[in-house]
Amino acid sequence: MVEYQLLRAHSLEEVLEILTEKKKVQILAGGTDLMVDLHQQDPKFENIDYLLDITDVAELKGIKLGPEEGEIGALTTHAELLSSPEIKEKLPFIGAAASSIGSTQIRNRATIGGNLVNAAACADSFSPLIALGAELVLRNKGGARRVLLEDFVEWPNQTVLKDNEVLEKIVFKMPQGEYHSSYQKIGRRNAVSISRLSLTLLAEVENEAIKNIQVVSGAATPAPVPFREVNKYLTAKTFAEIDPAEAGEIAADEMVGITGERWSTPYKRPALSKLVERAVKDLLEEAGYNG
């Protein structure tokens, strides 16, 4: 049986005090993954003495989207992302990712910070935020540091977060000019689905050409990464020069170059190729290109 002492913090200062003073602390945010693991008596909890409930910490909640910069508090739930008018208007791909996570009940509890810190290979929040070039603000009693989200995950379920740190918020530059996006996902079923593959495309366009673009994987590689070769292929191309199918093949080749040939490759390779092709077609359609 897993034994621990339950602690509750009501402010960020309290959280940091506890993380400084005590060892072997596991943070509880939404708890949608953690409580399942506890119920199953996952061996990783054998080295935990304290469970720290931070769900009441107001400083870790909220969405702020300015003209140039945005931030999302770590305790913001996926339901709050999905219902936010600002997210819907300015960052619809984040809302699309949030809508694909679990059930209504899970979205009401699960937090974006928990999704990132848990760092499962199938986590849906990574690809839209990496496409934004997001950074994480990791805070301890002595101050804060920023880490590029792209560099946060060392391996599935392993991050650079230190024992005395808490994820405070996600910060990013807002897209500028004319931009279009697409979030794509394949799961095992239509509802309450864990991603088998997902990706985000975010592109800034100008004069019917790609000015800047990020195509970012989710669940395709051990840690989420931008597909640099397909980004290179698409950047600076006019809409007329883009072949969505070719973009898909480039991304699929890049994925296999990262993962190597695995038992899942015969499925994932063509599936990823089709997802990227679909995302690029969405981009062209949304941009009004009829060629």
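Given the structure is predicted, the values throughout are model-derived calculations rather than measurements. Just so you know, residue 1 is the first one in the sequence shown, and it goes up from there.
Take R262 and apply the side chain to side chain donor-acceptor pair (under 3.5 Å) test, not counting sequence neighbours, and it matches no residue.
Taking 4.0 Å as the cut-off between side-chain N and carboxylate O, K173 and E71 do not count as a salt-bridged pair. Comment: K281 engages E277 in a salt bridge, judged by a side-chain N to carboxylate O separation of less than 4.0 angstrom.
Looking at L283, V276, V280 one by one, the single match for side chain to side chain contact (heavy atoms under 4.5 Å, CB included) with P244 turns out to be V280. Exactly one of R278, E246, K268, E249 qualifies for a side chain to side chain donor-acceptor pair (under 3.5 Å) with S273. That residue is E249. A side chain to side chain donor-acceptor pair (under 3.5 Å) with R139 is found for exactly one of E168, E165, E59, namely E168.
A donor-acceptor pair shorter than 3.5 Å can be found between the side chains of Q184 and D282. Between the side chains of D124 and Y183, at least one donor N or O lies within less than 3.5 Å of an accepting N or O. Defined by atom type and a distance below 3.5 Å, a donor-acceptor pair is present between the side-chain atoms of S103 and Q105.
Counting heavy atoms from C-beta outward, T77 and N108 have side chains that stay 4.5 Å or more apart. Put simply, the side chain of V171 reaches to within 4.5 Å of the side chain of V137, judged on heavy atoms. Side-chain contact between I54 and L60 is present, with heavy atoms from C-beta onward closer than 4.5 Å. You'll find the side chain of L91 reaches within 4.5 Å of the side chain of P175, heavy atoms only.
Hydrophobic clustering (ILVMFWY, side-chain heavy atoms < 4.5 Å, transitive): L136 and V216 are in one cluster. By the criterion of side-chain heavy atoms lying less than 4.5 angstrom apart, applied directly or through intervening Ile, Leu, Val, Met, Phe, Trp or Tyr residues, L81 is grouped together with F172 in one hydrophobic cluster. Hydrophobic clustering places Y267 together with L275 (ILVMFWY residues linked when any side-chain heavy atoms are closer than 4.5 Å, directly or through intermediates).
Sorted by first and then second residue, the side-chain hydrogen bond (donor to acceptor under 3.5 Å, both in side chains) pairs with a member in residues 154-164 form an empty list; sequence neighbours excluded. For residues 17-34, the set of pairs meeting the side-chain hydrogen bond (donor to acceptor under 3.5 Å, both in side chains) definition, not counting sequence neighbours, comprises E17-K141, D33-N118.
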Can you check side chain to side chain contact (heavy atoms under 4.5 Å, CB included) on F152 and L138, steps first, answer last? CA-CA 10 Å; F152 182 61; L138 309 179; 4.2 Å; yes
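Put simply, CD on Q176 and CG on N212 are 11.5 Å apart, with the number rounded to the nearest 0.5 Å. Between the CG atom of L6 and the OH atom of Y50 there is a distance of 12.0 Å, given to the nearest 0.5 Å.
Although no hydrogens or angles enter the test, the distance criterion places a donor-acceptor pair under 3.5 Å between the side chain of S83 and the main chain of A79. Although no hydrogens or angles enter the test, the distance criterion places a donor-acceptor pair under 3.5 Å between the side chain of E241 and the main chain of T238.
A cation-pi arrangement is absent between K237 and F239, since the terminal nitrogen or guanidinium carbon is not both under 6.0 Å from the aromatic centre and inside a 45° cone about the axis.
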